[in-house]
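Worksheet for the structure shown next.
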Amino acid sequence: TDLKAVITRPDVKIGRKQEISESPIALSIKDNQIPIFKPIGKSDLIRLLTDLTPLNLDIAIVSDYGFIVPPEIFSLPK
């Protein structure tokens with residue numbers, strides 16, 4: 001099975017210089033032509049349904065996400 005998309009936290013400003021930093025998962029896959037979504041909240045997550053539905057997901061893995069994932073997203077994978 002291929003990785004079809006990644007949903008991760010939005011970029012954040014860190015450090016004294018407030019430089020923008022991407023999540024470790026976004027950094028690790030950004031050169032692999034895999035779509036990366038960075039929703040800001042629940043409403044953004046729900047808007048992703050139109051992008052995620054056509055992917056016919058088999059499984060979704062959630063780890064240390066930081067937002068409550070709405071049931072609409074959890075019901076997408078088989």
Checking Glu22 against Arg9 for the salt bridge (charged side-chain N to carboxylate O under 4.0 Å, His left out) test, could you report, in this order, the C-alpha distance in whole Å, the side-chain angles of both residues, the deciding distance, and whether it holds?
CA-CA 8 Å; Glu22 294 183 272; Arg9 67 167 169 77; over 6 Å; no

Residue pairs, two or more places apart or on separate chains, that pass side chain to side chain donor-acceptor pair (under 3.5 Å) and touch residues 69-78
Asp58-Lys78

NZ of Lys4 to CD1 of Ile34, rounded to nearest 0.5 Å, is 12.0 Å

Just how far is it from atom CD1 of Ile68 to atom CG of Leu45, taken to the nearest 0.5 Å?
11.0 Å

Verify the neighbour count for atom CD1 of Ile20: are there more than 12 heavy atoms of other residues, nucleotides or ligands below 6.0 Å?
yes

State, yes or no, whether a side-chain contact exists between Ile14 and Val12 at a heavy-atom distance under 4.5 Å.
yes

Given side chains that start at C-beta, do those of Pro35 and Val6 come closer than 4.5 Å, heavy atoms only?
no

Of the non-hydrogen atoms in Pro77 and Ala60, which two are nearest, and what is the gap between them?
CG-CB, 3.5 Å

Please name the pair of heavy atoms, one in Thr8 and one in Ser23, separated by the smallest distance, quoted to 0.1 Å.
OG1-OG, 2.7 Å

Tell me every residue that passes salt bridge (charged side-chain N to carboxylate O under 4.0 Å, His left out) with Asp51, counting only those two or more places apart in sequence or in another chain.
none

Of Val62, Leu52, Val69, the one forming a side-chain contact (heavy atoms from CB on, under 4.5 Å) with Ile7 is Leu52

Restricting to side-chain hydrogen bond (donor to acceptor under 3.5 Å, both in side chains), what partner residues turn up for Lys42, sequence neighbours left out?
none

May I ask you to say whether Lys13 pairs ionically with Glu19, meaning some side-chain N is under 4.0 Å from a carboxylate O?
no

